[in-house]
Structure formats: structure tokens, C-alpha cells
Engineer: 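Encoded as C-alpha cells, here's the structure I'll be asking about.
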Amino acid sequence: MLDSRRIAVTGAGGYIGSRVVREFLDAGADVVAIDDLSGHQISAFPDARFVELDIRDEERLETALSDVDAVCHLAAISGIPDCEGDPDRAFSVNVQGTENLAWYCHKQGIPLAFASSMAVIGEPIEFPIGAEHPRDPVSLYGLTKKMNEDDIHDLAEGSFPAHLFLTANLYGTHEFGDATIGKETVINIFVRRALESKPLTVHRPGTQTFDFIHVNDVARAYRHSLSALLDGDYGATDIPLASGEQLSVTDVAELIQQVCAEERGYEPKIEYVEDPRESQPTGPDFTVDTATARDRLGFETEHTVEGTVRQALRRANQ
């Protein structure tokens, strides 16, 4: 239970972080929302204590964390393009900043829930993709997350409980106050383009397949995680975080095309273009283990891609 617990959320102003803040507040927690406001979508947290800081500032970070019961660490330079655009900053924020947090949890013995990524896997070679799948990242983003995993595992041993979530591909939006929070993920982009009567642009070959999980489901998983960690044993546990809903990019485009025809009376075109990022996994299989999250956390997803797409396209008509 999180009632009356004080939980720090780094990256609180972001896509996932702002939803996690709301989840924790709804659970009765006292939230310390931490963000450097460099890439935020939310900068005001009326029901939480907001601290503007850069997680690389170890002294100020430890002051902000001085009275918390647990940490949910979501702050990062996220995604392949942003990391490749400024690799020095990506390394210092993702690796050094996370080391600061993990070191503090090590010293204080407080739980840590951390957002890793399926990007640590690279090209999958074992299915379903589980916690023990070999790490072979093909991008700087994935490499920084792999380094984070190594650091947290080493520091958590005998010192603090931790969950590291290998999170699948996100989609969906959520509400925070009067704002609608989203991110440029493939499903969200396709929905927006369908609403604008623009073509759905698929990077060849289109068979690139991923597991897709709604941002609201991810936020609920962190709520389950912190509840378990606060009563958990020392050491780090890797947990795949996925829905089991496996779709290729072409599948997504065709689904949105069909739902748009049903809900809005027209079919957006699908156009195939060359993929500018050669470092993306291109396999036709991306089956992910969902049993670990269910067994360890009692977590199951509530959202589906079709349901979310249909709601978004239908709501635009209202």
C-alpha cells in the first residue's frame, strides 16, 4: 500500500512520469515530483511537492530525496534520435544521473523502480523475450539502459530492493489537469495523421514487429511495483512490461485504416518509405513474457490497441 508513503518520481513532467505521479497521488501517496524541465510536458503539480533539478547534481538530488520512502526513476534522454542527437548529454544524464540515484538508494536502503527498455535487447534471439534474454543493444539509448541495469544490479545486492522494467513500445495519451499528454510513438503518430486525413507512413519493410503497451497500463505497473518493493527483499529483479499484443507496423497501419473507415467514413492511405534508422530491430516476431509481471506484481494490462484507436477516432467526432 502507498497510502501516506512519500514517493519520489524523477522525470515527473514527462509522458510516463506525469501519469505515474497521478497514479501515486490517487493511491494516497505523498509525491515528490522531480524534473529539470528540459523536455517536460507538465511543469505544475498542484497536489505534489515539485523540485526542479537535474539528476546529475548529486548534492541537490540527495537533498530532494532525503525524506522519501522509495524512488520511481523515469528521468532520461529517451529514445534513439534524442540520444544520437546529443550523445554526451545522453550518457551523462542516463548513466551518471542514474548512478547518482542508485548510489543514494544503496546508501539509504530505499526501494527503486527503474524504467529500462526493450532497447537493451537489440535484435531478439529468444522468444518469448524474458528477463534473462541476452543484452546486445544496437543503439546508444539501449547501451545507456544496459549500463543502468548493470549498475542497479550491482548496487542493489544486499542493500535495497529494485525492479527494472524492460518496457515495450508505448502508445496512448492521458489527461493531467486540463492537458492531454502524448508522445510521438508510432501508434500515436498514425492516429494523428488519420485525423488529419494524411497518409500513414510505414518504414520498409513494414514487418518490424513490436509489443505495444498503453502508457496508463505502464503507470499502473509502477504503482504495483512500489507497493511490492516497500515490503520486498534486497536485490534487483528484471521484469518485462508488455501487453502480449504483438503487431507489425503494417498491422498497426491497416488497423487504423480500418477503424478510421468505420468511425470517420474514410480510409487514410498507407505509404511505404525507406527507414532512416538502420539500427532498428526488423524481425517479424516480438513475443514478450507477460507472466513475470502478472506473477510478481499481480499486474495485467487493461487497454488494447484497437480499443484505444477507436476511442481516439470516435472522440474526435464529438
Engineer: Using a 6.0 Å cut-off, check whether atom CZ of Arg296 has over 12 heavy atoms from anything other than its own residue.
Structural biologist: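 Counting neighbours around CZ of Arg296, 12 or fewer heavy atoms of other residues, nucleotides or ligands fall under 6.0 Å, so no.
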
Engineer: Among all residues two or more places apart in sequence or in another chain, which pass the side chain to side chain contact (heavy atoms under 4.5 Å, CB included) test with Pro134?
Structural biologist: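 Result, side chain to side chain contact (heavy atoms under 4.5 Å, CB included) vs Pro134: Ile125, Glu126.
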
Engineer: Would you say Lys107 has more than 12 foreign heavy atoms packed within less than 6.0 Å of its NZ?
Structural biologist: yes

Engineer: Might you confirm whether atom CD of Glu196 has over 12 heavy atoms from other residues, nucleotides or ligands at distances under 6.0 Å?
Structural biologist: yes

Engineer: Please report the interatomic distance CD(Gln96) to CE(Met147), rounded to the nearest 0.5 Å.
Structural biologist: 9.0 Å

Engineer: Measure the spacing between CD of Glu99 and CD of Glu58 and express it to the nearest 0.5 Å.
Structural biologist: 10.0 Å

Engineer: For a quick test of your reading: what N or O donor-acceptor pairs under 3.5 Å do the side chains of residues 211-220 make, sequence neighbours left out?
Structural biologist:
unit_1	atom_1	unit_2	atom_2	d
Asp211	OD1	Ser243	N	2.9
Asp211	OD1	Ser243	OG	3.3
Asp211	OD2	Gly244	N	2.7
Asp211	OD2	Glu245	N	3.4
His214	ND1	Asn216	N	3.0
Asp217	OD1	Arg220	NH2	2.9
Asp217	OD1	Glu302	N	3.0
Asp217	OD2	Glu302	N	3.3
Asp217	OD2	His303	N	3.1
Arg220	NH2	Glu300	O	2.7

Engineer: With sequence neighbours excluded, tell me which residues meet ring pair (Phe, Tyr, Trp, His ring centres under 6.0 Å) with Phe160.
Structural biologist: none

Engineer: So which pairs with a foot in residues 49-97 pass ring pair (Phe, Tyr, Trp, His ring centres under 6.0 Å), sequence neighbours left out?
Structural biologist: Phe45-Phe50, His73-Phe114

Engineer: Quick one: do the Arg19 and Thr173 side chains pair a donor with an acceptor below 3.5 Å?
Structural biologist: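 Their side chains do not contain a donor-acceptor pair, so the 3.5 Å distance test is not met.
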
Engineer: When you check the side-chain N and O atoms of Glu254 and Gln258, is any donor under 3.5 Å from an acceptor?
Structural biologist: no

Engineer: To the nearest 0.5 Å, tell me how far Phe286 CZ sits from Glu123 CD.
Structural biologist: 9.0 Å

Engineer: Establish, from distance only, whether the side-chain atoms of Lys183 and Ser78 form a donor-acceptor pair under 3.5 Å.
Structural biologist: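 Yes, a side-chain donor-acceptor pair sits under 3.5 Å.
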
Engineer: Determine yes or no for a side-chain-to-main-chain donor-acceptor pair under 3.5 angstrom, with Thr308 supplying the side chain and Gly172 the backbone.
Structural biologist: no

Engineer: Would you say the side-chain atoms of His163 and Asp238 include a donor-acceptor pair closer than 3.5 Å?
Structural biologist: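 Side-chain D/A pair, His163 to Asp238: absent.
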
Engineer: So, Tyr222 versus Phe24, ring centres under 6.0 angstrom or not?
Structural biologist: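 No, too far apart.
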
Engineer: What I want to check is whether the side chains of Thr250 and Tyr272 have a donor and an acceptor closer together than 3.5 Å.
Structural biologist: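 Yes, side-chain donor-acceptor contact under 3.5 Å.
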
Engineer: Please tell me whether His174 and Thr180 have a donor and an acceptor in their side chains that are separated by less than 3.5 angstrom.
Structural biologist: no

Engineer: Taking salt bridge (charged side-chain N to carboxylate O under 4.0 Å, His left out) as the test, write out the residues that go with Lys146, two or more places apart.
Structural biologist: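 Listed in chain order: Asp150.
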
Engineer: Do Thr287 and Gln246 meet the criterion of a side-chain donor-acceptor pair at a distance under 3.5 Å?
Structural biologist: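 Yes, a side-chain donor-acceptor pair sits under 3.5 Å.
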
Engineer: Ion pair present between Asp67 and Arg49, side-chain N to carboxylate O less than 4.0 angstrom?
Structural biologist: yes

Engineer: So, using ring pair (Phe, Tyr, Trp, His ring centres under 6.0 Å) as the criterion, who are the partners of Tyr266 when residues are at least two apart?
Structural biologist: none

Engineer: Can a salt bridge be assigned to the pair Arg310 and Glu306 using a cut-off of 4.0 Å between side-chain N and carboxylate O?
Structural biologist: yes

Engineer: Within the side chain of Tyr104, is there an N or O that forms a donor-acceptor pair under 3.5 Å with the backbone of Leu65?
Structural biologist: yes

Engineer: Establish, yes or no, whether the cationic atom of Arg22 lies under 6.0 Å from the six-membered ring centre of Phe176 and within 45° of the ring axis.
Structural biologist: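 That pair qualifies as a cation-pi contact.
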
Engineer: I need the Thr209 OG1 to Asn169 CG distance, nearest 0.5 Å.
Structural biologist: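 Between Thr209 OG1 and Asn169 CG, I get 10.5 Å after rounding to 0.5 Å.
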
